[in-house]
**Student:** 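Shown below is the structure under consideration.
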Amino acid sequence: MPELPEVETIRKEITPVITGRCLSRISGFRPTLDPEDLHRGADVQGKCVSGTSRHGKYLYAGLGAGCGLVIHFGMTGDLRFLGPGDEDPPYCRAQIVFKDGSRLAFTDPRRFGRIVSSRGLKEFIAAKGLGPDALVLTRTNVREMVRASRRGVKLLLLDQHRVAGIGNIYADEILFQSRIHPLRETRTVSVKEADSLHKAILSVLKTAVRLSADMDRYPSGWLIPRRAPGRTCPACGGEVSRVMIAGRYSYFCPSCQQ
DNA sequence: CTCCATGTTTAGAA
DNA sequence: CTTCTAAACATGGA
């Protein structure tokens with residue numbers, strides 16, 4: 001569950017149930033949780049959850065001032081809150097155990113997810129060099145982003161150093177709604193198109209968050225339900241195309257997107 | 001067996 | 001320096 005809307009949905013679900021609980025211990029194995037990494041960023045021993053926040057695809061669980069856990073979900077990560085007697089869920093790779101015996105389980109079949117400690121989300125963002133969160137992107141941000149490089153637009157959207165939170169699936173939706181071809185060079189994108197790109201970024205991500213990232217509930221006019229070979233464009237009825245970009249498939253409508 | 005999968009990092013080539 | 005590709009990571013499902 002790994003792009004911005006999925007992470008935000010997980011955040012909203014777990015925040016009320018973990019806030020105020022105090023850590024007893026954290027267990028897990030590499031590579032999900034490297035014991036050395038966990039203790040290098042900040043001392044999390046015995047701290048209590050003060051709240052959560054998010055930047056791009058990273059979830060931050062604050063443990064008081066100057067300390068917290070940063071969780072990245074990779075491709076298949078998820079969190080489940082469990083009571084003291086509950087069984088470990090399948091693919092459980094790490095657990096944050098609280099003093100009252102309840103716990104937060106990190107499940108991740110593919111093991112690309114990571115949990116590390118940090119002195120703060122701001123510090124983490126700076127260390128990683130992450131761009132602004134996609135939900136707070138301004139029109140000016142997008143205009144400048146588009147002007148500053150000469151790569152394909154899709155690659156720009158996927159670059160977490162430019163804008164944080166957009167992944168392969170939502171990038172396709174955003175480009176479909178802005179009617180821009182994924183391989184268009186950003187420098188050829190007009191100001192008008194940059195503005196429609198900006199509008200689509202916010203609209204797609206906000207709608208997805210509002211629908212709790214439940215793809216079954218996404219509007220029928222969206223491309224996401226048609227992201228498969230041989231499917232038809234919800235706008236023109238033509239067949240959707242796919243092209244390999246950066247080693248992964250991009251789906252788009254060749255007649256609607258130029 | 002083969003292909004594909006919501007991500008990130010890194011090495012190497014233009 | 002910039003940009004892009006392929007591979008690696010690790011695993012499961014079709």
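Each chain gets a letter, A, B and so on, in the order its sequence line appears, and its residues count up from 1. These values consider heavy atoms only, across backbone and side chains, with no hydrogens, waters or symmetry-generated copies. Keep in mind it's a predicted model, so treat the numbers as computed, not measured.
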**Student:** Base, sugar-phosphate, or nothing for A:Gly152, non-hydrogen atoms under 4.0 angstrom?
**Tutor:** sugar-phosphate
**Student:** Counting distance alone, no hydrogens or angles: does the base of B:dA5 have a donor or acceptor under 3.5 Å from a partner atom on the side chain of A:Arg248?
**Tutor:** no
**Student:** Do the two ring centres, one from A:Phe124 and one from A:Tyr58, sit under 6.0 Å apart?
**Tutor:** yes
**Student:** Report the distance from atom CZ of A:Arg187 to atom C1' of C:dT3, rounded to the nearest whole Å.
**Tutor:** 12 Å
**Student:** Rounded to whole Å, please give me the gap between CE in A:Met244 and P in C:dA6.
**Tutor:** 8 Å
**Student:** Looking at every strand, decide which applies to A:Thr76 at a 4.0 Å heavy-atom threshold: base, sugar-phosphate, or nothing.
**Tutor:** nothing
**Student:** Please tell me which of the listed nucleotides, C:dG12, C:dA10, C:dT3, lies nearest to the side chain of A:Arg111?
**Tutor:** C:dA10
**Student:** Does A:Arg226 CZ have over 12 foreign heavy atoms under 6.0 Å away?
**Tutor:** yes
**Student:** Pick the closest DNA chain C nucleotide for A:Arg93 and for A:Arg151 by heavy atoms, then say which residue is nearer the 5' end.
**Tutor:** A:Arg151
**Student:** Say whether, by atom type as modelled, one donor and one acceptor occur between the side chain of A:Arg147 and the main chain of A:Arg187 under 3.5 angstrom.
**Tutor:** no
**Student:** Can you check the A:Leu175 CG to B:dT6 C1' distance for me, whole Å?
**Tutor:** 16 Å
**Student:** Starting at atom CZ of A:Arg110, determine the distance to atom C1' of C:dT11, rounded to an integer number of angstrom.
**Tutor:** 7 Å
**Student:** I want to check one thing: is the phosphate of B:dT8, taken as OP1 and OP2, less than 4.0 Å away from some side-chain N or O of A:His72?
**Tutor:** yes
**Student:** Considering every strand and a 4.0 Å limit on heavy-atom distances, what is the contact class for A:Gly74: base, sugar-phosphate, or nothing?
**Tutor:** sugar-phosphate
**Student:** Just compare B:dT6, C:dC4, B:dT8 and give me whichever is closest to any side-chain atom of A:Leu155.
**Tutor:** C:dC4
**Student:** Using atom P in both nucleotides, what's the gap between B:dT8 and C:dC1 to the nearest angstrom?
**Tutor:** 24 Å
**Student:** Whole-Å distance between B:dT6 P and A:Ile245 CD1?
**Tutor:** 12 Å
**Student:** For B:dT6 and C:dT3, measure between their C1' atoms and round to the nearest Å.
**Tutor:** 24 Å
**Student:** Just the rounded figure in Å: distance from P of B:dA5 to CD of A:Glu3.
**Tutor:** 13 Å
**Student:** Using a cut-off of less than 4.0 Å, is there contact between a side-chain N or O of A:Lys128 and OP1 or OP2 of B:dT8?
**Tutor:** no
**Student:** Determine the interatomic distance between P on B:dT2 and the same-named atom on C:dA7; round to the nearest Å.
**Tutor:** 15 Å
**Student:** Looking only at side-chain N and O atoms, does A:Asp78 offer a donor or acceptor that is under 3.5 Å from a partner on A:Thr107?
**Tutor:** no
**Student:** What nucleic acid atoms does A:Ala213 come within less than 4.0 Å of, heavy atoms only: base, sugar-phosphate, or nothing?
**Tutor:** nothing
**Student:** So, A:Phe112 and B:dG7: ring centres less than 5.5 Å apart, planes less than 30° off, yes or no?
**Tutor:** yes
**Student:** Taking OP1 and OP2 of B:dT6, is either one under 4.0 Å from a side-chain nitrogen or oxygen of A:Arg227?
**Tutor:** yes
**Student:** Rounded to whole Å, how long is the line connecting atom CD1 of A:Ile169 with atom C1' of B:dC4?
**Tutor:** 12 Å
**Student:** Between B:dG7 and A:Lys57, is there an OP1 or OP2 to side-chain N/O distance shorter than 4.0 Å?
**Tutor:** yes
**Student:** Quick check on C:dT11: is either OP1 or OP2 less than 4.0 Å from any side-chain nitrogen or oxygen of A:Tyr91?
**Tutor:** no
**Student:** Between A:Tyr251 and A:His161, which residue's closest nucleotide on DNA chain B lies nearer the 5′ terminus?
**Tutor:** A:Tyr251
**Student:** Using the P atom as the reference point in each nucleotide, state the distance between C:dA10 and B:dC4 in Å, no decimals.
**Tutor:** 22 Å
**Student:** Would you say the side-chain atoms of A:Asp108 pair up with the backbone N or O of A:Phe112, donor to acceptor, closer than 3.5 Å?
**Tutor:** yes
**Student:** Base, sugar-phosphate or nothing for A:Phe73? Non-hydrogen atoms, less than 4.0 Å.
**Tutor:** nothing
**Student:** It should be established whether A:Arg242 places a side-chain nitrogen or oxygen under 4.0 Å from OP1 or OP2 of nucleotide B:dC4.
**Tutor:** yes
**Student:** For the aromatic rings, using the six-membered ring if either is Trp, is the centroid distance between A:Phe252 and A:His181 under 6.0 Å?
**Tutor:** yes
**Student:** Only pairs with both distances under 3.5 Å count, Watson-Crick or wobble alike; so what is the partner of C:dG12 in this structure?
**Tutor:** B:dC4
**Student:** Send over the distance from A:Asp78 CG to B:dG7 P, rounded to a whole Å.
**Tutor:** 15 Å
**Student:** Would you tell me whether A:Cys236 and A:Cys253 have their SG atoms within less than 2.5 Å of each other?
**Tutor:** no
